[in-house]
Amino acid sequence: MKYIIKDTDLRVYKLSESCIFKKNNERHGQLSNMASGFPIKVNNVSIKTTEALYQACRFPHRPDIQAKLINEISPMHVKMLSNSHKIDSRPDWEDVRIKVMKWCVNLKLAQNILSFGEVLNSTGSKYLVENSSKDNFWGAIPDSNNEHYTGQNALGRLLMDLRQKFQGSQWLDLLYVEPPEISNFLLYNDEIKIIDERLNYIKSLVKYWKIEHKIILKHFDEADNKFYNLGLKINGQKGLF
Ligand SMILES: Nc1nc(O)c(N)c(N[C@@H]2O[C@H](COP(=O)(O)O)[C@@H](O)[C@H]2O)n1
């Protein structure tokens with residue numbers, strides 16, 4: 001099922017059917033954009049959280065603000081800092097923010113495919129819902145008993161969509177992340193292009209195999225070379241896995 005998000009779309013989620021996430025250190029907290037441990041690299045710039053990446057995308061024409069957001073350690077401070085510069089947001093921000101968020105969470109998975117993939121898998125088929133006290137756009141607001149959550153839950157729905165793709169047969173395609181189709185998608189004045197993590201994924205598997213199975217190392221060395229050559233050939237092309 002696809003989670004197409006429309007502005008008028010309020011939904012009600014039952015606690016018993018949902019994985020509710022809020023704080024990083026609570027259950028399912030790793031689904032939050034504020035969660036650390038899922039670093040991202042874009043145009044060779046290291047970014048600590050999806051929150052920092054998402055907020056930096058508000059200001060493509062202000063690399064100075066992007067740098068402040070990216071260098072900020074606390075993701076909550078990132079959000080507050082971004083809020084303080086809201087007036088400088090790209091003029092079409094409201095129209096493009098869902099596409100940007102989708103790209104951010106895709107990248108979180110592509111660059112942390114085993115760890116974040118495990119987080120997504122651990123939620124089974126439950127609804128994913130960001131618990132927010134006041135934001136019923138990205139999240140959903142609990143009732144007084146914390147039993148029902150009402151909101152558009154845009155972030156949760158993007159994550160459910162991502163989980164569904166991750167659990168499908170084409171999941172390796174998620175390693176090939178195309179930028180959202182929007183103008184001026186820039187980091188530090190440089191255009192953000194396709195991010196292809198397929199070769200890195202293969203290398204990480206080969207590294208894992210070498211550590212875990214030293215005894216059959218020579219076979220994997222041979223495979224490593226083959227994969228590496230394959231990787232060089234496939235670099236930049238879609239759909240070859
Ligand atoms: N931790 C937290 N506190 C809140 O009050 C929130 N609204 C959220 N939601 C997250 O904030 C990001 C969206 O920011 P904008 O409102 O678009 O500036 C996004 O990561 C939501 O998941 N989180």
Side-chain angles (χ1 to χ4, degrees), residues 3 5-11 13 18-40 42 47-62 65-70 72-112 116 119-120 123 126-143 146 149-163 177 180 182 184-185 187:
Y3 296 88
I5 295 159
K6 286 189 242 128
D7 275 353
T8 50
D9 224 0
L10 277 187
R11 293 172 180 212
Y13 299 91
S18 310
C19 292
I20 308 286
F21 60 95
K22 189 176 173 77
K23 295 189 177 151
N24 300 346
N25 55 1
E26 293 173 352
R27 196 146 183 254
H28 307 302
Q30 291 170 313
L31 293 167
S32 164
N33 288 330
M34 309 270 175
S36 56
F38 306 100
I40 295 165
V42 176
I47 301 169
K48 293 175 211 59
T49 59
T50 1
E51 188 66 26
L53 178 60
Y54 166 77
Q55 298 295 352
C57 292
R58 264 180 189 272
F59 309 103
H61 50 297
R62 291 290 305 269
I65 301 178
Q66 290 187 322
K68 283 205 269 178
L69 294 168
I70 286 168
E72 175 57 63
I73 299 200
S74 151
M76 260 330 265
H77 289 169
V78 168
K79 190 169 156 82
M80 288 189 280
L81 187 60
S82 177
N83 212 21
S84 72
H85 288 288
K86 220 167 201 162
I87 190 111
D88 295 310
S89 300
R90 55 182 297 153
D92 59 353
W93 180 242
E94 297 294 309
D95 300 329
V96 302
R97 64 186 171 153
I98 290 182
K99 284 185 189 171
V100 171
M101 184 66 89
K102 184 171 195 258
W103 174 80
C104 289
V105 294
N106 283 10
L107 207 50
K108 179 178 180 180
L109 179 61
Q111 295 189 340
N112 301 277
F116 192 54
V119 172
L120 288 176
T123 62
K126 286 195 160 184
Y127 294 113
L128 306 181
V129 184
E130 182 172 44
N131 173 359
S132 176
S133 52
K134 43 187 188 270
D135 181 357
N136 71 353
F137 174 70
W138 289 117
I141 300 175
D143 64 10
N146 289 339
Y149 293 76
T150 306
Q152 293 188 52
N153 188 35
L155 177 64
R157 286 156 70 191
L158 290 174
L159 289 170
M160 286 187 269
D161 193 17
L162 194 60
R163 179 182 63 188
V177 186
I182 59 178
N184 297 321
F185 195 54
L187 182 62

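Indexing begins at 1, ligand by ligand and atom by atom, following the structure's order.
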For atom 10 (C) of ligand 1, the protein heavy atom that lies nearest, with its residue and separation: Glu130 OE1, 3.8 Å

Side-chain heavy-atom pair Leu69, Ser82 within 4.5 angstrom cut-off: yes

Residue, atom name and distance, where the atom is the protein heavy atom closest to atom 2 (C) of ligand 1: Met34 CE, 3.9 Å

Within reach of ligand 1, part of Lys22 (heavy-atom separation under 4.0 Å): neither

Ile20 and Glu26, any side-chain heavy atoms less than 4.5 Å apart: no

SB check Arg58 Asp88 (cutoff 4.0 Å): no

From CA spacing to verdict: side chain to side chain donor-acceptor pair (under 3.5 Å), Lys22, His28: CA-CA 8 Å; Lys22 189 176 173 77; His28 307 302; over 6 Å; no

Atoms of ligand 1 close to Asn33 [distance to a heavy atom under 4.0 angstrom, numbered from 1]: 19 (C), 20 (O), 22 (O)

Proximal candidate to atom 12 (C) of ligand 1 [heavy atom criterion; set Glu51, Arg97, Arg58]: Glu51

Ligand-residue contact atoms, ligand 1 with Leu155, heavy atoms, under 4.0 Å: 22 (O)

Test of proximity, Lys134 against ligand 1: N or O pairs below 3.5 Å: no

Separation between NE2 of His77 and OG of Ser84, rounded to the nearest 0.5 Å: 11.5 Å

For atom 3 (N) of ligand 1, the protein heavy atom that lies nearest, with its residue and separation: Met76 CE, 4.2 Å

Ring center gap for Tyr54 and Trp138 short of 6.0 angstrom: yes

Audit row: Phe38, Phe116, ring pair (Phe, Tyr, Trp, His ring centres under 6.0 Å) steps and yes/no: CA-CA 7 Å; Phe38 306 100; Phe116 192 54; 5.3 Å; yes

Within 45° cone of Tyr149 ring axis and under 6.0 Å: Arg11 NZ or CZ: no

From the candidates Phe21, Tyr54, Trp93, the one that places a heavy atom nearest atom 17 (O) of ligand 1: Tyr54

Nearest neighbour in protein (non-hydrogen) for atom 7 (N) of ligand 1: Asp135 OD2, 3.3 Å

Identity and separation of the nearest protein heavy atom to atom 16 (O) of ligand 1: Lys79 NZ, 3.2 Å

Met101 heavy atom under 4.0 Å from ligand 1: yes

Aromatic ring pairing Trp103/Phe185, orientation class (parallel under 30°, perpendicular over 60°, tilted between): perpendicular

N or O contact, Trp138 vs ligand 1, cut-off under 3.5 Å: yes

